[in-house]
Amino acid sequence: QVQLVESGGGLVQAGGSLRLSCAASGRTFSSYAMGWFRQAPGKEREFVAAIRWNGGYTNYADSVKGRFTISRDSAKDTVHLQMNSLKPEDTAVYYCAAKKGYLLSGRIDDYDYWGQGTQVTVSS
C-alpha cells in the first residue's frame, strides 16, 4: 500500500523559507514521477512542481519558478520542496502526489496517490 506523508509546513513571514518533505513508502518509486500541488481556501487545487524519480527531471508552475526547488533523495524515498522568497499568496495546503510512469505532469487526474497535505501559512 502506497503511503505519502508530508511534513515541514508551518507559519512563516513573507520573504522567508520553508522546506517541505514527502516520505514515500509501499512501492519502488524508480519508475514514478512525483508532484507537489497546493490548494488555497476557496480555490481549486493547483500544480506547483514535479520531478521524475529516475533522472531528476523537473517542471514548475510559472508562479513558483525561481523561488521553489523540488528534489528527491532516492536513498530515503523522500521528495523535498524548498520554498524561498515566500509570499502571502503561497498560503495553502500543500499535497504530495505520485504518478506511475516517467512523464512529468501538472494534471491532478494523472496522479495515482496523494498525501494528506501540510499547511503553509505566509504572513505579510
Side-chain angles (χ1 to χ4, degrees):
Q1 180 178 350
V2 174
Q3 273 199 317
L4 303 174
V5 180
E6 302 96 335
S7 62
L11 173 64
V12 64
Q13 288 190 331
S17 298
L18 280 175
R19 188 192 194 208
L20 305 183
S21 297
C22 172
S25 62
R27 190 72 46 112
T28 300
F29 290 94
S30 58
S31 61
Y32 277 63
M34 306 295 291
W36 283 97
F37 290 76
R38 66 186 181 186
Q39 188 165 17
K43 295 189 176 182
E44 293 185 352
R45 193 170 298 190
E46 65 176 7
F47 169 73
V48 175
I51 188 167
R52 197 172 91 174
W53 200 279
N54 188 357
Y57 297 100
T58 60
N59 190 25
Y60 296 91
D62 288 343
S63 59
V64 306
K65 276 181 183 175
R67 300 189 298 123
F68 292 10
T69 303
I70 188 171
S71 62
R72 85 270 188 254
D73 183 340
S74 299
K76 297 182 178 179
D77 282 347
T78 301
V79 177
H80 301 288
L81 185 68
Q82 178 66 43
M83 305 186 296
N84 298 329
S85 302
L86 283 162
K87 305 175 181 179
E89 51 263 44
D90 294 318
T91 295
V93 177
Y94 283 70
Y95 297 90
C96 175
K99 66 173 291 289
K100 300 170 187 175
Y102 294 118
L103 292 178
L104 300 181
S105 173
R107 296 180 66 248
I108 293 171
D109 291 345
D110 285 343
Y111 286 79
D112 302 288
Y113 305 100
W114 292 85
Q116 293 299 307
T118 184
Q119 177 70 48
V120 171
T121 303
V122 184
S123 64
S124 56

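Remember, predicted model here, so these are calculated numbers, not experimental data.
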**Q** When rounded to the nearest 0.5 angstrom, what is the spacing between OG1 in Thr91 and CG in Leu86?
**A**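 These two atoms lie 8.5 Å from each other.
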**Q** Minimum heavy-atom separation for Ala98 and Tyr32, please, with both atom names.
**A**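 In terms of heavy atoms, the two residues are closest at CB-CD2, 4.0 Å.
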**Q** Which residue, Thr69, Ile70, Thr118, Val64, forms the side chain to side chain contact (heavy atoms under 4.5 Å, CB included) with Leu81?
**A**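 Single side chain to side chain contact (heavy atoms under 4.5 Å, CB included) partner of Leu81 among Thr69, Ile70, Thr118, Val64: Ile70.
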**Q** Which distance, rounded to the nearest 0.5 Å, do you find between the CZ of Arg38 and the CD of Glu89?
**A** 8.0 Å
**Q** For Ser17, which residues count as a side chain to side chain donor-acceptor pair (under 3.5 Å) partner, sequence neighbours excluded?
**A** Asn84
**Q** Could you tell me the separation between the OG atom of Ser25 and the NZ atom of Lys76, rounded to the nearest 0.5 Å?
**A**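 Reported to 0.5 Å precision, the distance equals 15.5 Å.
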**Q** Look at Lys65 together with Asp62 and state whether they make a salt bridge at an N to O cut-off of under 4.0 Å.
**A**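 Answer for the salt bridge query: yes.
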**Q** Quick check for you: to the nearest 0.5 Å, what is the distance between Tyr95 atom OH and Glu46 atom CD?
**A**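 Answer for the OH-CD pair, Tyr95 versus Glu46, is 12.5 Å.
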**Q** How many angstroms lie between CD in Gln119 and CG in Leu11, if you round to the nearest 0.5 Å?
**A** 9.5 Å
**Q** Verify the neighbour count for atom CD of Gln116: are there more than 12 heavy atoms of other residues, nucleotides or ligands below 6.0 Å?
**A** no
**Q** Indicate if Val48 and Tyr111 have the same hydrophobic cluster label, given that clusters are the connected sets of ILVMFWY residues with side-chain heavy-atom separations under 4.5 angstrom.
**A**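 In one cluster: no.
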**Q** For residues 40-60, which residue pairs pass the ring-ring contact (aromatic ring centres under 6.0 Å, His included) check, not counting sequence neighbours?
**A** Phe29-Trp53, Phe37-Phe47
**Q** Name all residues meeting the salt bridge (charged side-chain N to carboxylate O under 4.0 Å, His left out) criterion together with Asp110; count only those two or more places apart in sequence or in a different chain, and write none if there are none.
**A**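 Counting only residues at least two positions away or on another chain, Asp110 forms a salt bridge (charged side-chain N to carboxylate O under 4.0 Å, His left out) with Arg107.
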**Q** Should Val122 and Lys87 count as side-chain neighbours, where that means a heavy-atom distance under 4.5 Å?
**A** no
**Q** If hydrophobic clusters are built by linking Ile, Leu, Val, Met, Phe, Trp and Tyr wherever their side-chain heavy atoms come under 4.5 Å apart, do Trp114 and Val79 end up in the same one?
**A**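 No, because Trp114 and Val79 fall into different hydrophobic clusters, even though each may have its own neighbours under 4.5 Å.
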**Q** Enter the distance from Arg72:CZ to Thr58:OG1 here, rounded to the nearest 0.5 Å.
**A** 10.0 Å
**Q** Do Tyr113 and Leu104 land in one hydrophobic cluster if side-chain heavy atoms of ILVMFWY residues count as linked below 4.5 Å?
**A** no
**Q** Is the shortest heavy-atom distance from the side chain of Val120 to the side chain of Met83 under 4.5 Å?
**A**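 Yes, side chains in contact.
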